[in-house]
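Take a look at the structure set out below.
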Amino acid sequence: MLRTLVVAVFLGTGLALSGVQPAAAGAPAAQVAVNPGTGPAGSAVTVSGTGFKASTTGTVIVGSATFQFRTTATGAFSAGITIPAGAAGSTTITAKTSSIKASTVFVVQAAPVPAPQPPAVSTDPLRFGVGTAGGAMAAAELDEVANLAGESPSLVLIYKDFRQAPPLAELDAVHARGAEPLVTWEPWAWGGGVNQPAYSLDRIAAGDFDARITEWGQALAAWGKPVMMRFAHEMNGNWYPWSEGVNGNQSGDYIPAWQHVHDLVAAAGAGNVQWVWSPNVPYWGSTDLAGLYPGAGYVDVVALDGYNWGTSQTWSSWIMPQDLFGPGIAQLRTLAPGKPILIAETASTELGGSKAAWNTELVSYLAAQPDVVGFVWFHLQKEADWRINSSDSSASALRNALLARRS
């Protein structure tokens, strides 16, 4: 009864209550939210709030940074802010007006660590190239080789047969790496064996594949960038259907087939193609190179394929690089004087000797030959483990040898 009387007295005298008015009973507390709630430092985000003092200015505080806002007649606001560059972890965001404040948390994500870039392509006169299982599109394999070797390959080996369209995407991928494609163009149906009469040398020279050859020539001409064309390689052996003495091919058939393919590609305007004539290293029983050479006007680069099989086969033994390549290089110099020489495929097994020593000797020997312009490592585990990293010592030796020739 007394409390009622007191209130009545106050009201009766006309006096007003003064000071900060508390929120009405049951009114929601101030809340603040951030969108998005997570991201890297430096992110632009939106802070919004409700339950603040109406129609007034306020401040958003993030670390030492402040941002101004103004509330609506209902005590709400929305403000764009930037998370400071130095913020880390769970970062508190506080919004306040003169009498009310509320906070939330923004989770700062660690900036992603950029993927390490592979080493650059070397400008050394002795170029380093590679062939891998995945080919030109296998970026991870090529990056692995670059990191093993300490430099990115400047030549990337590509294999295509006569059934396949021009590999423009692969050429683009090689070019994007700062390298040059070395296309091994094989006139057969891959996997069909040596006896493939449809792909005999006289059928090639007679024009059976002119449409496909012209298609390639036009595509390469339109592509426009340098490409090395290793057509019908290892022709002095007997394991491919374009070799003389197999698949119905007669002595003297190889040169007309080569010249016919060359002329069609040239007629299509593909002056950006360098023609690479690439026999196997001569061996006892191989076809004499003199009868297979198409002539200086049809060849830009002469090459050799040669492997150190070591004791991996019943017929093989360990052979050092100068013994493996020396006799063939001498023949190429006589047959094609002045032409640059490329080792288009090579590698060594671990079986029968020191692969590390072999790798060191290979680079040293080839670097000492002024007309040898490069070598292409066959980085595959196939008939033997030819990979650069078949052992740690092999990888280290090749890397050091390449570094030494750059020094």
Closest heavy-atom pair and its distance - Leu362, Thr346: CD2-CG2, 4.1 Å
Show every donor-acceptor pair shorter than 3.5 Å between a side-chain atom in residues 46-62 and any protein atom, with sequence neighbours excluded, or say none if there are none.
none

Closest contact, heavy atoms only, Leu126 versus Ala367: CD2-N, 3.7 Å
With Glu151, the salt bridge (Lys or Arg N to Asp or Glu O under 4.0 Å) member among Arg177, Arg405, Arg399, Arg127: Arg405
Could you give the side-chain donor-acceptor pairs of residues 276-284 under 3.5 Å, partners two or more places apart or in another chain?
unit_1, atom_1, unit_2, atom_2, d
Trp277, NE1, Leu292, O, 3.3
Ser278, OG, Arg230, NH1, 3.3
Ser278, OG, Asp305, OD1, 3.2

Within the 6.0 Å centroid threshold, strictly below: Trp386 and Tyr307: yes
Geometric class of the Trp275/His262 ring pair [parallel <30°, tilted 30-60°, perpendicular >60°]: tilted
Value rounded to 0.5 Å, distance of CG in Leu351 from CH2 in Trp318: 8.0 Å
Flag, side chain of Gln313 to backbone of Thr311, donor-acceptor distance under 3.5 Å: no
Any donor-acceptor N/O pair, His379 side chain to Thr132 backbone, under 3.5 Å: no
Thr360 side-chain N/O to Ala401 backbone N/O, donor-acceptor pair under 3.5 Å: no
Neighbour count >12 (heavy atoms, 6.0 Å) for atom NZ, Lys101: no
Glu350 to Ser394 - nearest heavy-atom pair and separation: OE2-CB, 3.7 Å
Closest approach of Leu304 to Gly328 (non-hydrogen atoms, all atoms of both residues): CD1-C, 3.6 Å
With Trp216, the ring pair (Phe, Tyr, Trp, His ring centres under 6.0 Å) member among Phe209, Trp185, Phe231: Trp185
Main-chain N/O of Ala296 paired to Lys339 side chain as donor or acceptor, under 3.5 Å: yes
Main-chain N/O of Ser348 paired with Lys355 side-chain donor or acceptor, under 3.5 Å: yes
Would you list the atom pairs, donor with acceptor, under 3.5 Å between side chains in residues 190-200 and any protein atom, with sequence neighbours excluded?
unit_1, atom_1, unit_2, atom_2, d
Gln196, OE1, Ala189, N, 3.1
Gln196, NE2, Ala189, O, 3.0
Gln196, NE2, Gly193, O, 2.8
Ser200, OG, Pro197, O, 3.3
Ser200, OG, Asp202, OD1, 2.5

Flag if over 12 foreign heavy atoms under 6.0 Å of CD, Gln31: no
Enclosure of His175 NE2 (heavy-atom neighbours >12, cutoff 6.0 Å): no
Point-to-point distance, once rounded to the nearest 0.5 Å, from CZ of Phe128 to CG of Leu402: 6.0 Å
Any donor-acceptor pair under 3.5 Å from Glu244 side chain to Tyr254 backbone: yes
Geometric cation-pi criterion Lys225 and Trp223, 6.0 Å radius, 45° cone: yes
Which atom of Ser316 lies closest to which atom of Ser312, heavy atoms considered: OG-N, 3.9 Å
Gly131 to Leu157 - nearest heavy-atom pair and separation: CA-CB, 3.8 Å
